[in-house]
Amino acid sequence: MNSKYRLGIDAGGTFTDFVLAEQAGGSRLYKTLSTPADPTLAIRNGLALIAEDLGVALEEIIPNCDLCINGTTVGLNALIQHKGARTGLICTAGHEDSIEIRNGHKEDGYRYDAEYPPAVMLVPRNLRKGVRERVLSNGTVRTPMEEEDVRAACRNFIEEGIETVAISFVWSVLHPDHERRAAEIVREMMPDALVTIGSELYPQVREYTRTSTAITNAYLAPILKNYVTAVDAYFRSLGARAPVRYFQSNGGLATGDVVADRSVYAINSGPASAPRAGLHVTEPFDEKNVITVDMGGTSFDITLTYEGVTNLNKNIDFLRYRIGVPMIQVETLGAGGGSIGWIDDMGLLQMGPQSAGSDPGPACYGRGGVEPTTTDVNLVLGYLNPDGLVGGRLPLDKTKAENAIRSRIAEPLGLSLEKAAYGMFTIVNANMVNGIRRVSIERGYDPRDFVLVCAGGATGAHITAIAREMGIDRIIVPKLASGLCAFGQIISDVKYNHMATCPVRLDNEEAYERVNALFRQIEQEGREHLHKDGFADDRIRITRSLEMRYVGQVHECTVDVETFDIDAQTVERLKDAFHRRHEQLYTYSEPKNTVEVVNIESTLYGIVDKPSDARLSSGGGADGALKGTRMAIFSREGEHTRTPVYDGRKLGAGDRIEGPAIIEEVTTTIVVEPGWTAVLHEGGSYVISAQR
């Protein structure tokens, strides 16, 4: 970190978080309400808070930032709400319906549900245009491309007001010339349109995945381009010397022009930084098995890291659309502070996934919301400070919270206010626990072998209840919890994934050299990209993976390997790694069977200097931070318990708090249930342990 500051911005559905790291050490956290109609407005509001707090003009702060990093939900929200750009598809004639056929089945979990509706197509049928051309599976051209078909498609797109075009031909990964020529024609006839070339965005085998990925990218490209253009211009107007970096779903940073071209990489950029932050805060405790949970105002995001490695997803259905490019594996569910409580047709109490968001927000915000939410519940249970959140800048109205719960939940179910509130609390916790089980138990991990890291402004009120239910006895809650994803951004590296298709059997020298040559080619492309980004070779790190299978298998598995040339001797290391991975996934391996490669991938990192951490001074005992007591509820009976409330700003390293207790940080509240103990570590994290 060579400049005075580094800034991370994480735009969530309800709040936008800002973390400002200082060269001298330490970080400052700020929050402002998100502005979905104009995301740049929230950035302006947050930067105004920073300037006010530091007592200097933004024009003095931004030029002194070595990096300004933005994690955005713009692409995610556009995909959720189907508010992307009007998109056209140019594909091989006869394959116009491949995205609707969807490999012949619905997504996992709904495959046999006859009543589950089809996904909304991002490109309607009349805007999918077939072109006469054909490449065979060996890369040879059977039918040359009819350029007039492409021109006819363009004329139709112009009449329809198309802004962005996806191009995806069969076997284009082995012969991309047809796609490239089609793109030239589109740019010639539609100079203002954005063009996505499938074989360049996702150069790997699987036509449906490649086409769906290209369409999703094209659908979001104008939205992301407009967003990054506005953000970049705003930061330049403040004197930014370095380009704004944007966080990608693969867990790394990229410049705005890359994000605009590869918009599909920015779909889930916000929570993708959580694993990096989780590993950072657990490093002092030598913990490498980490489950990071982030409860914001709208959603609850879960990531799992085992032995220091976070799972990446490829070729998955995300929001019902097949995405091929790598994404940090994030389990997301509608369980945030704004999740609405309601009674279903069977008279059962439910929580979410509907959310009050930031507008109107929970009833207690006093912004017109009338539905009871998780935040209202936490206020009624006594967990939240009735004087308000975010250091009092967001006042809370307890009476409105009580009225919402009483009228919508308690009275219809014949319950007291207290029992209804605790019931809502229990259900939203159960929803979150089920989500954690999906990323742990259902994938072969025992959650009791992991430490639970708390992120998000709302998580602290639920974290000990969640851990108790999961059987996890150790929790790490950083003081920066509510902005942990923004913090994860400022300690992350630039990251690019480069892929290629390489269908060969690993049984001859020609195959070995083909794999080696392709790795060298894509890694050279990546190095050139990072060189343009300002990284010297000694600041570039490369990892490799291959998608492999036994001959005759339909599906392959991803194998991570070291960087080495493949020859008759080293190929055995590669095969052994595949056999081990296959056995880990499927409980068996076939060492005598022939192994083949399908796709290869190199991940290139541009290593960024990390800001230094501040250390807390030793405390003089928790009693000095005691603010008073508050009546809180910790049982289904709805009984009130007089509970100590501590000011987190006055606690020092080594201070110990026995539950039940409430710790109030400026941007989050931590509930320490009975039977748990919290100790503040000098690194700025609370270690909460189950009492034995």
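Sequential numbering from 1 along the given sequence is applied to the chain's residues.
Both tests hold for R541 against Y605: distance to the six-membered ring centre under 6.0 Å, angle to the ring axis within 45°.
Checked against the 6.0 Å centroid threshold, F578 and H582 count as a close aromatic pair. The aromatic ring centroids of H175 and F169 lie 6.0 Å or more from each other. Residues Y208 and H95 keep their aromatic ring centres 6.0 Å or farther apart.
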Residues E184, R187; criterion salt bridge (Lys or Arg N to Asp or Glu O under 4.0 Å); working and verdict: CA-CA 5 Å; E184 290 176 357; R187 291 181 176 123; over 6 Å; no

Between R448 and D446, does the salt bridge (Lys or Arg N to Asp or Glu O under 4.0 Å) criterion hold? Intermediate values first, please. CA-CA 5 Å; R448 294 171 297 184; D446 187 339; 2.9 Å; yes

One pair to check against salt bridge (Lys or Arg N to Asp or Glu O under 4.0 Å): R206 and E556. What are the steps and the verdict? CA-CA 12 Å; R206 296 195 185 284; E556 56 278 352; 2.9 Å; yes

Side chain to side chain contact (heavy atoms under 4.5 Å, CB included) between D565 and R520, worked out: CA-CA 10 Å; D565 281 341; R520 287 193 291 267; 3.9 Å; yes

Test salt bridge (Lys or Arg N to Asp or Glu O under 4.0 Å) applied to R544 and D560, step by step: CA-CA 6 Å; R544 289 178 174 179; D560 297 322; over 6 Å; no

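For the pair S263 (side chain) and L224 (backbone), a donor-acceptor distance under 3.5 Å is absent.
The list of salt bridge (charged side-chain N to carboxylate O under 4.0 Å, His left out) pairs with a residue in residues 585-604, not counting sequence neighbours, reads K314-E601, R549-E596. Applying the side-chain hydrogen bond (donor to acceptor under 3.5 Å, both in side chains) definition to pairs two or more places apart or across chains, those involving residues 281-293 are E287-R474. Applying the salt bridge (charged side-chain N to carboxylate O under 4.0 Å, His left out) definition to pairs two or more places apart or across chains, those involving residues 244-273 are R245-D533.
Contact annotation: the side chain of R527 never approaches that of S602 to less than 4.5 Å [non-hydrogen atoms, C-beta and beyond]. With a 4.5 Å cut-off on side-chain heavy atoms, L7 and I69 do not count as touching. When side chains are defined from C-beta on, I291 does not count as touching V453, because their heavy atoms never get closer than 4.5 Å. The shortest side-chain heavy-atom distance between V290 and L279 falls under the 4.5 Å cut-off.
Nearest heavy-atom pair across V494 and V608 is N-CG2, 4.1 Å. The nearest pair of heavy atoms linking D294 to G456 is OD1-CA, 3.1 Å. Between P203 and V173, the closest heavy-atom pair is C-CG1, 3.5 Å. When every heavy atom of V228 is checked against every heavy atom of A260, the shortest pair comes out as CG2-CB, 4.3 Å.
Checked by atom type, the side-chain pair Y588/H579 shows no donor-acceptor distance below 3.5 Å. Using modelled atom types, one finds a donor on one side chain and an acceptor on the other under 3.5 Å when comparing S199 with E179. Residues R443 and Q329 bring a donor and an acceptor atom of their side chains to less than 3.5 Å of each other.
By the 6.0 Å contact criterion, CZ on R615 is enclosed, its count of non-hydrogen atoms from other residues, nucleotides or ligands being greater than 12. Summarising the local packing, CD of E513 is surrounded by more than 12 heavy atoms from other residues, nucleotides or ligands at distances under 6.0 Å. Atom CZ of R438 is surrounded by more than 12 heavy atoms from other residues, nucleotides or ligands within 6.0 Å. Other residues, nucleotides and ligands contribute at most 12 non-hydrogen atoms within 6.0 Å of the CD atom of E510.
Taking the six-membered ring where the residue is Trp, Y306 and F450 present tilted rings, their angle falling between 30° and 60°.
Considering D232, T255, N70, T72 in turn, D232 is the only one that fulfils the side chain to side chain donor-acceptor pair (under 3.5 Å) rule with Y246.
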